Amino acid sequence: MDTSFPNPLDLAGRHCLVTGAASGIGRATAELFAALGARVSLVDCNEASLRALAEALPNGPHACHVHDLADVDGIDDLVRDIVAGLGPLHSVVHAAGIQSVLPAKDLKPEVWRRILAVNTEAALALARNMARKRICQGGGAVVFISSVMALAGSAGAVAYAMSKSALHGLARSLALELAPQGTRVNCIAPGFVRTPMLERLERDWDASQREAVEALHPLGFGEPQDIAQAAAFLVAATGRWITGSVLVVDGGYLAK
Amino acid sequence: MNAQSPACLLITGASSGLGREMALRFSADHRLILAGRDEARLQAARLACHAPERHLVWRHDLADVEGIAGQLGAFLAAESVQVESLIHCAARLDVLPLRSLEPERVQATFRTNVLAALELVRTLTKKRINQQRLRAVVFVSSIASQFGAKGFSAYGASKAALDALMKALAVELAPVVRVNSVLPGALRTAMTASMFDDPQLAERLVADYPLGIGAPADVVDAVEFLLSDKARWITGQQLVVDGGRSSNITA
C-alpha cells in the first residue's frame, strides 16, 4: 500500500510576505516557509541582516524590502513593490513588533504611538491589501503574531498589550470580510520566546527574575521555530477551515 | 512488559464520524488502538485503515467510567502495548430543551464526554499500566464550550468542563505530557445528522459559517498538528477550528 503522502504543509509556488524577517520569530518563519517551498518577500528595517538571510534561504527566488513599518502610509507602496517583484501574494505573516517596558505614568505618547504603528496599524495596512484582487487572488492567509499579553496582564506592558489585543479584534472582523474570497485571518499568541526582543528584556533582569519568568511557562521558554511551525500550520492547507482564531503557543503560560 | 513495547495512539469514538476519520488518517503513521462501543463497527473501521493488521480494537462503553482503569490496563498488558498519544473524540450529544434534561441524561453526557477523559488520562499516567509513555493528549471539545445555544445545556457544560480539565492536566503533567483541545464548529457527521436533517436549521447553520460547514478532515489536520513535535511548546490550549463561526456576531 502506498503510504507516501504529499506534505500537507507544502507551500510550493506560494508567495509569502513576512515582516520582522531579519530576526526572531519573523526570521524563523521565513526560513521555514522557504524550506516548505514558498517564495518569500522579506520585510525589515535591518538591511544587513535581511540581505544575509535572503542569500541563505533555500529554494526561491526571494526578495528583500527594507522598510520601517512605523511608516504606515508607505505600506501600500511597499505591497505594490512586493507584488511587482514576485507576483500576487498568497499570505502575509506580520511578525514585526516592538516593545518598551515602562510604567504607564512614564509612557510618552510618541512611544506608545510608535508601538501601535508597528505592531497594529502596519498589520491593518498590510492585511487590507489582501482584499485587492491584483494583490491576492483569493484563497490566501494572513497571520498576525500577537502575544499572551493580549490575553493576560503584565505591569509595564500596557502599550504593548494594547497593540497586541487590538490585533485579535482586527483579525476577527477582517476574517469575516475576507471569508467570501476564501482568505483566512488568524492570530498566534506566543509566550516568551528566545528572540532578540527577549534578550533585550533580560538585560534588566537578574538571575532570579529570569528564572521566575521562565517558571511561568510549564514547558520553559519557547524557540522562534515553535511559532514558525504554528504559522505554517495556519497558512498551509492544514488551516483551511480556521479563520478568526487565536492559536496560543506559550508553553502553558496561560493555562496556569 | 517493558519500555520497548510498541507505542500506540488511542482514539476514542473511533467507530464513526470524526474519530473514524482520524483513525483512517493516522493509521499510516501510527499503530492505533481504536476504542468504541460496537465491536463490529470498530472492526469495520480498522479494516478501512492502512495496514489493518497493525491496529488494535478496544471495545468499551466509556459511560462505564469505573471500568476504564481495570479493563484498559488488562487490555494493554494482554497486547503488550503502551499508549504514547490519546485522542478523546467520543462524545454524547442530546439536543434537549431544559425541561427534558433529566439528571440521568446530564450524567450520561458528563460520563462519556468528561469523566471518561479524566479516567483515561489518569489510567495512562500510571507507571504500572503505561510505563510513563504518555506524551500528548488532545481532547475534541466544541465551540459549544464557549457559547450558548438552545438545547445545548448539558453538552455545552460538558465541553466547558472538558476544557477546564484539559488546562489543569496540562499544568499538572508538564513538561512530560502536553494536553490540548480542539474546538470544532458544526461538522457533518453521524452525531450532527439530526441537526442537518432539519432544513431550516441546516440553512441557518450554513449561513452562520463564513467558510461554510466543515468536514471532519478539516479538524483532523489540527489534531495531527497538536499531537506532533511541531506543537512541542503548545500545552493547555483551546484551538478553535470553526470556519469563522465564533468570530461572527452577525450570525
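Note that the coordinates shown come from a computational prediction; the quantities given were computed from them, not determined experimentally. Labels below follow one simple rule: chain letters A, B, ... track the order of the sequence lines, proteins then strands, and each chain is numbered from 1.
- A heavy-atom distance below 4.5 Å is not found between the side chains of A:Thr238 and B:Glu224.
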Going by atom type alone, with no hydrogens or angles, which donor-acceptor pairs under 3.5 Å involve a side-chain atom of residues 207-218 of chain A and a protein atom two or more places apart or on another chain?
residue	atom	partner	partner atom	Å
A:Ser208	OG	A:Asp206	OD1	2.9
A:Gln209	OE1	A:Asp206	N	2.9
A:Arg210	NE	A:Glu202	OE2	2.8
A:Arg210	NH1	A:Glu214	OE1	3.3
A:Glu214	OE2	A:Phe221	N	3.0
A:His217	ND1	A:Val213	O	3.1
A:His217	NE2	A:Phe192	N	3.1

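- No more than 12 heavy atoms of other residues, nucleotides or ligands sit less than 6.0 Å from atom CG of B:Asp229.
- Of all the listed residues (B:Gly236, B:Pro210, B:Ala231, B:Pro184), the one sharing the greatest number of non-hydrogen pairs under 4.5 Å with chain A is B:Pro210.
- Taking every heavy atom of both residues into account, B:Gly244 and A:Leu176 meet most closely at O-CD2, 4.1 Å.
- With a threshold of 4.5 angstrom between heavy atoms, A:Leu9 approaches chain B through side-chain atoms but not through N, CA, C or O.
- A distance of 7.5 Å separates CG of B:Leu239 from CG of A:Leu234, quoted to the nearest 0.5 Å.
- Among residues 247-256 of chain A, the residues having any heavy atom closer than 4.5 Å to a heavy atom of chain B are, in sequence order, A:Leu247, A:Val248, A:Val249, A:Asp250, A:Gly251, A:Gly252, A:Leu254, A:Ala255, A:Lys256.
- Looking at heavy atoms from C-beta onward, A:Trp241 lies in side-chain contact with B:Leu187 at the 4.5 angstrom threshold.
- Among B:Ser246, B:Ala222, B:Ser228, the residue with the largest count of heavy-atom pairs under 4.5 Å with chain A is B:Ala222.
- Below 4.5 Å, heavy atoms of chain A meet heavy atoms from B:Leu211, B:Gly212, B:Ile213, B:Gly214, B:Ala217, B:Asp218, all part of residues 211-220 of chain B.
- Annotation for B:Arg232 and A:Leu219: closest pair O-CD1, 3.4 Å, computed over non-hydrogen atoms.
- Using a cutoff of 4.0 Å between basic side-chain nitrogens and carboxylate oxygens, A:Asp226 and B:Lys230 are not scored as salt-bridged.
- Looking at B:Arg245, there are no atoms closer than 4.5 Å to chain A (heavy atoms on both sides), in backbone or side chain.
- Note that CG of B:Asp242 and OG of A:Ser245 are 5.5 Å apart. Values are rounded to the nearest 0.5 Å.
- Remark: side-chain polar atoms of B:Trp233 are not paired, donor with acceptor, to backbone N or O of A:Pro190 under 3.5 angstrom.
- A 4.5 Å side-chain heavy-atom check between A:Thr243 and B:Tyr209 finds every atom pair outside the cut-off.
- Of the inter-residue distances, the one linking B:Ile249 atom CD1 with A:Arg172 atom CZ reads 9.5 Å to the nearest 0.5 angstrom.
- With rounding to the nearest 0.5 angstrom, the CD1 atom of B:Ile234 is 9.5 Å from the CD atom of A:Gln229.
- If you measure heavy-atom distances from A:Gln225 to chain B, you find no contacts under 4.5 Å at all.
- More than 12 heavy-atom neighbours from other residues, nucleotides or ligands sit within 6.0 angstrom of CZ on A:Arg240.
- Taking 4.5 Å as the heavy-atom cut-off, the residues of residues 155-168 of chain B that approach chain A are B:Lys167, ordered by number.
- Within 6.0 Å of the CD atom in A:Gln137, the count of heavy atoms belonging to other residues, nucleotides or ligands does not exceed 12.
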